[in-house]
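For reference, the structure is listed below as structure tokens.
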Amino acid sequence: QKLLQGFHKALQLFDYRGETERLAYIDSVSAFDDDELIREGWLSLSVSNPKLKAAIMQSIANVIDPTQTETTTTTNTTGEAASTNMDSQVLMSLLRTMGLVNGKDSVAMLIDFGKSPVAEIRLGAYSLMRAVAKRGTGAQILLLNSGFFTFLMDRELETTKEGKEGKFLIVRAILNSSTRSLLADGIVEKMEEYIQQGPYYIKSKLWELATE
């Protein structure tokens, strides 16, 4: 207990203004997230460095779902079970705190990051969305945002291979969560179609040739 208290005190006084120092700070507090001051320092996404912003989101995702190292997209919708690593109330508290620290609704903020022109930021947001979605209540929280489903289904927003895989894994996580039973049939059908089409599907466009 004394060692933990000393660790907390050291982190509170830690100067993490530089990129290397902040990354070390994030790595440390990912394992010690029960202190309010540490938690606020950890959850702040106001940094301008894309790698740093992505690292923060990934560290939060790793706390919510330590199994997030799996990235395969070749299995069907039964290939990824919902995570049971974090209590639902703790998850909701974490998301609420993240929103308060950053002055914005946490889901709306993640959607904005998911639309960033910087690929690293988008990938960090996808990882965090996926971790949240693997919790039944987490998937429900995401979908309660009116813009989330539209964002998730819009394939044209993502152009990179890694990004396409990231969004695919979010859809798969939602379909494997307990939230699935609460969704309208039309929503489930669209998500299942998304999975059947695969992560790299490109909708064909019909071009009409104008004749004079």
Side-chain angles (χ1 to χ4, degrees), residues 19 22-23 26 42-65 68 71 73 80 91-92 94-135 137-177 179 183-184 186-205:
E19 178 177 349
R22 182 67 184 271
L23 287 171
I26 292 168
W42 169 36
L43 297 176
S44 176
L45 289 162
S46 60
V47 295
S48 59
N49 186 299
K51 289 184 179 179
L52 211 48
K53 197 182 295 285
I56 294 169
M57 287 188 280
Q58 185 62 60
S59 73
I60 300 170
N62 290 343
V63 169
I64 297 174
D65 174 32
Q68 181 112 221
T71 57
T73 59
E80 183 170 6
L91 173 62
M92 292 178 67
L94 178 61
L95 292 176
R96 182 169 57 251
T97 302
M98 186 172 74
L100 290 173
V101 168
N102 293 283
K104 187 172 184 177
D105 174 74
S106 57
V107 178
M109 180 171 58
L110 288 178
I111 293 174
D112 286 345
F113 288 147
K115 296 178 180 179
S116 170
V118 181
E120 287 172 320
I121 294 178
R122 296 199 306 272
L123 294 177
Y126 297 157
S127 291
L128 184 46
M129 289 177 188
R130 178 192 173 200
V132 172
K134 288 179 73 175
R135 293 293 308 169
T137 53
Q140 189 173 357
I141 292 171
L142 292 174
L143 289 164
L144 282 174
N145 182 290
S146 59
F148 181 78
F149 181 72
T150 300
F151 158 77
L152 192 59
M153 294 291 102
D154 190 346
R155 292 182 181 268
E156 295 184 1
L157 290 174
E158 184 54 63
T159 57
T160 68
K161 176 179 180 293
E162 296 80 5
K164 292 176 185 293
E165 292 173 352
K167 294 188 76 172
F168 179 91
L169 291 172
I170 298 169
V171 176
R172 195 173 71 178
I174 293 174
L175 286 176
N176 281 280
S177 74
T179 294
L183 300 177
I187 298 295
V188 174
E189 289 173 2
K190 288 182 179 179
M191 287 191 169
E192 288 179 336
E193 182 182 26
Y194 192 108
I195 294 297
Q196 291 171 359
Q197 291 170 339
Y200 314 116
Y201 174 78
I202 299 177
K203 185 176 181 179
S204 60
K205 295 182 178 180

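Side chains are part of it too, since the values below use all heavy atoms of this structure and drop only hydrogens, waters and symmetry mates.
Pro50 and Glu120 get closest at one heavy-atom pair: CB-OE1, 3.8 Å. Leu45 approaches Asn102 most closely through the heavy-atom pair N-OD1, 2.6 Å. Shortest non-hydrogen contact noted between Ala133 and Ala139 is O-CB, 3.6 Å. Residue Val132 comes nearest to Leu142 through the heavy atom pair CG1-CG, 4.0 Å, listed as atom of the first residue, atom of the second, then distance. Residues Ile170 and Phe148 share a closest heavy-atom pair of CG2-CZ, 4.1 Å. Considering all non-hydrogen atoms of both residues, Tyr200 and Arg155 come closest at N-NH1, 4.4 Å.
Remark: side-chain polar atoms of Asp154 are not paired, donor with acceptor, to backbone N or O of Thr150 under 3.5 angstrom. In this structure a side-chain-to-backbone donor-acceptor pair under 3.5 Å is present from Ser59 to Ile56.
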Exercise. Apply side chain to side chain contact (heavy atoms under 4.5 Å, CB included) to Gln58 and Leu123, showing your working.
Key: CA-CA 9 Å; Gln58 185 62 60; Leu123 294 177; over 6 Å; no

Practice problem: Let me see the working for Tyr126 and Glu162 under side chain to side chain contact (heavy atoms under 4.5 Å, CB included), right down to the final yes or no. | Solution: CA-CA 10 Å; Tyr126 297 157; Glu162 296 80 5; over 6 Å; no

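Evaluation of the salt bridge (Lys or Arg N to Asp or Glu O under 4.0 Å) rule for Lys104 yields Asp112 as partners, not counting sequence neighbours. For Phe149, the side-chain contact (heavy atoms from CB on, under 4.5 Å) criterion is met by Leu143, Met153, Ile187, Lys190, Met191, not counting sequence neighbours. Under the salt bridge (Lys or Arg N to Asp or Glu O under 4.0 Å) criterion, Glu158 pairs with Arg122, not counting sequence neighbours.
Here the side chains of Ile174 and Leu183 are in contact, with some heavy-atom distance below 4.5 Å. Residues Leu157 and Phe151 are in side-chain contact: their nearest non-hydrogen atoms beyond the backbone lie under 4.5 Å apart. The closest side-chain heavy-atom distance from Ile195 to Glu192 is not below 4.5 Å.
Rounding to the nearest 0.5 Å places CD1 of Ile202 at 5.5 Å from NZ of Lys164. Within the model, atoms CE of Met98 and CG of Leu100 stand 10.5 Å from one another, a figure rounded to the nearest 0.5 Å. To the nearest 0.5 Å, atom CZ of residue Arg135 and atom CG of residue Asp65 are 9.5 Å apart. Here the straight-line distance linking atom CG of Asn145 with atom CG of Leu110 works out to 9.5 Å at 0.5 Å rounding. Rounded to the nearest 0.5 angstrom, Ser127 OG and Asn62 CG are separated by 8.0 Å. One finds the CZ atom of Arg130 at 12.5 Å from the CD1 atom of Ile64 (value rounded to the nearest 0.5 Å).
More than 12 heavy atoms of other residues, nucleotides or ligands lie within 6.0 Å of CG in Leu144, so this atom counts as buried by the packing criterion.
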